[in-house]
Undergrad: 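Here it is: the structure, laid out below.
In what follows, chains carry the letters A, B, and so on, assigned in the order in which the sequence lines appear, proteins first and then strands, with residues in each chain numbered from 1.
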Amino acid sequence: MATTYTLISSNVLTGSAASVTFSSIPSTYTDLVLRISARTDRASFPEDYAKIEFNGSTSNLSSRILYGFGGSSGSTNDGSMVYGAVNGGSSTSNTFGNAEYYIPSYTASQNKPISISSVTENNGTTAVIYEVAGLWSNTSAITSIKLLSYYSANFVSGSSFYLYGIKNS
Amino acid sequence: MLSKLVQLSHYTELRENNVAATYEPIAATTLGSAASSITFSSIASTWTDLRLVLTAKGTSSNYPYMRFNSDSGSNYSLTRLQGDGSSAASGRQSNQTELFLINGSLDTTIPGLITVDIFSYAGSTYKTFLTTGSTDQNGVGYVVRIAGLWRSTSAITSVYLYTSPDQFAAGTTATLYGIKAA
């Protein structure tokens, strides 16, 4: 029987990188799951955000966000991007934020919903839980995924990115 | 109205002839036409946890609900945390006859993603579950996280999904996975 949950590709950084891209994603799965443990070198801030883009496009992205910063909470939205939280350059050393991006039915001829759960706890004054409902308003099959810093920083060495495929039959 | 009963026999045969997997699909369906409900029945007690992944649209702006084992008694409760893109809120519902899966309606064209993790579904204690709802509709929508409880010590043998009013639209997909701890 075919394996249900399969690692498609991984990237563990041994140096800094402005972005991480998974390309030539096969169409043989049902859903995609992207799991990252990441940190950027964004100066002077303990948090950053890992934007996700599909098929080389930066358009038709939107999101609803539910967040908590340890002392405050709320909801906001973004009409042009989808992102999860990761640790920034001034967060506790040796600490990386975790995020899971779930993309169902990534080859279906319909707009693509995305669910993100992300956290950046670092035993400091600022950490964040970021829960996101995202949307890529595009009916094309997803063939590539790119992650990059919201603040144009670099992912640092040790950041890891794993792309899994889930097959429902 | 049309209802979709997802047959489990094919997947059961495949599983019995192979080494048990940790994370495996139990059954899946994609609606070719609108349906008022989707039912996963005859769920074996083979796994430890269940995970339901639903990518859903509605024939109108309707609300998705869930019940276990055809129980329509006041045995469901939940605590939710939600954001609509401008404000966050939390709420609680006790002694409900069903569980709503998102605090908002389905869209007729843009699919929303709903996952339900059901822990120790075959055990003899009350059943807890975690629901995530992600329904951005490019201008409106919700992100919802729900902690739920079904006050029954029976093993879950069926999962019943339905909308009110109207139906799940064609193109809605639902997959039930089993996760095995050992």
Side-chain angles (χ1 to χ4, degrees), chain A residues 1-6 29-33 59-69 72-82 84 100-118 129-139 164-169, chain B residues 10-11 13-30 51 53-57 81-90 102 104 107 109-115 130 132-145 171-179:
Chain A
M1 183 169 64
T3 301
T4 302
Y5 205 116
T6 304
Y29 302 99
T30 308
D31 302 339
L32 295 176
V33 180
S59 57
N60 300 316
L61 292 161
S62 58
S63 55
R64 311 274 118 193
I65 301 157
L66 179 64
Y67 61 84
F69 281 92
S72 63
S73 60
S75 182
T76 187
N77 67 87
D78 196 307
S80 62
M81 288 182 279
V82 178
E100 178 179 288
Y101 300 67
Y102 197 102
I103 308 157
S105 303
Y106 71 103
T107 65
S109 299
Q110 61 187 19
N111 293 336
K112 309 300 185 293
I114 305 135
S115 178
I116 305 173
S117 291
S118 58
I129 298 173
Y130 233 59
E131 297 286 311
V132 180
L135 181 70
W136 185 43
S137 295
N138 190 304
T139 59
Y164 298 90
I166 297 178
K167 206 167 169 61
N168 75 348
S169 63
Chain B
H10 174 65
Y11 295 92
E13 179 181 351
L14 287 175
R15 184 181 67 253
E16 290 173 350
N17 292 333
N18 290 275
V19 176
T22 300
Y23 193 108
E24 60 180 319
I26 299 173
T29 185
T30 298
R51 172 167 250 230
V53 179
L54 178 65
T55 308
K57 297 180 288 188
L81 179 65
Q82 69 203 44
D84 63 1
S86 62
S87 62
S90 184
I102 55 173
D107 191 71
T109 57
I110 299 174
L113 170 60
I114 299 168
T115 66
L130 172 64
T132 68
S134 303
T135 61
D136 183 86
Q137 297 159 8
N138 191 21
V140 295
Y142 288 90
V143 52
V144 183
R145 303 296 183 253
T172 294
T173 66
T175 305
L176 186 67
Y177 296 92
I179 301 173

Undergrad: Please state whether the side chain, the backbone, both or neither of B:Ser87 comes within less than 4.5 Å of a heavy atom of chain A.
TA: backbone
Undergrad: Give, as side chain, backbone, both or neither, the part of A:Ser137 having an atom under 4.5 angstrom from any heavy atom of chain B.
TA: side chain
Undergrad: Given that the side chain runs from C-beta out, which part of A:Val82 has a heavy atom under 4.5 Å from chain B: side chain, backbone, both or neither?
TA: neither
Undergrad: Side chain from CB out, backbone as N, CA, C, O: work out which of these in A:Leu61 comes under 4.5 Å of a heavy atom of chain B, or both, or neither.
TA: neither
Undergrad: Using every non-hydrogen atom in the two residues, find where B:Glu24 and A:Thr4 come nearest and quote the distance to one decimal.
TA: CA-OG1, 3.3 Å
Undergrad: Quick check: closest heavy atoms across A:Leu135 and B:Asn138, and the distance to 0.1 Å?
TA: CD2-N, 3.8 Å
Undergrad: Which one, A:Ser75, A:Gly68, A:Gly74, leads in non-hydrogen pairs under 4.5 Å with chain B?
TA: A:Ser75
Undergrad: Just to verify, what does A:Thr76 make a side-chain contact (heavy atoms from CB on, under 4.5 Å) with, not counting sequence neighbours?
TA: A:Ile65, A:Tyr67
Undergrad: Is it the backbone or the side chain of B:Tyr177 that comes under 4.5 Å from a heavy atom of chain A, or both, or neither?
TA: side chain
Undergrad: Rounded to the nearest 0.5 Å, what separates atom CG in A:Asn111 from atom OG1 in B:Thr109?
TA: 7.0 Å
Undergrad: Name the region of A:Asp31, side chain, backbone, both or neither, that has any atom closer than 4.5 Å to a heavy atom of chain B.
TA: side chain
Undergrad: Are B:Leu81 and A:Glu131 close enough that some pair of their side-chain heavy atoms sits under 4.5 Å apart?
TA: no
Undergrad: Could you tell me which of B:Leu113, B:Thr30, B:Ile110 has the largest number of non-hydrogen atom pairs under 4.5 Å with chain A?
TA: B:Leu113
Undergrad: Check step by step if side-chain contact (heavy atoms from CB on, under 4.5 Å) holds for A:Ile166 and B:Tyr23.
TA: CA-CA 9 Å; A:Ile166 297 178; B:Tyr23 193 108; 4.2 Å; yes
Undergrad: Taking all atoms of both residues into account, what is the closest heavy-atom pair of A:Ser169 and B:Pro25, and its distance?
TA: N-CG, 3.9 Å
Undergrad: Of the listed residues (B:Gln137, B:Gln82, B:Arg145), which shares the most heavy-atom pairs with chain A below a 4.5 Å separation?
TA: B:Arg145
Undergrad: Output the distance between atom CD1 (A:Ile103) and atom OG (B:Ser134), rounded to the nearest 0.5 Å.
TA: 12.0 Å
Undergrad: Side chain, backbone, both or neither: which part of B:Thr55 has a non-hydrogen atom closer than 4.5 Å to chain A?
TA: side chain
Undergrad: Nearest 0.5 Å please: distance from the OG1 atom of B:Thr173 over to the CG atom of A:Asn168.
TA: 7.5 Å
Undergrad: Which heavy atom of B:Gly171 sits nearest a heavy atom of A:Gln110, and at what distance?
TA: O-OE1, 4.3 Å
Undergrad: Heavy atoms only, distances under 4.5 angstrom: which of A:Ser105, A:Ser73, A:Ser63 has the most pairs with chain B? Name it, please.
TA: A:Ser63
Undergrad: Is B:Val140 close to chain A through its backbone or its side chain, or both, or neither, when contacts mean heavy atoms under 4.5 Å?
TA: backbone
Undergrad: With side-chain contact (heavy atoms from CB on, under 4.5 Å) as the test, would you mind laying out the steps for A:Tyr102 and B:Thr132 before giving the verdict?
TA: CA-CA 11 Å; A:Tyr102 197 102; B:Thr132 68; over 6 Å; no
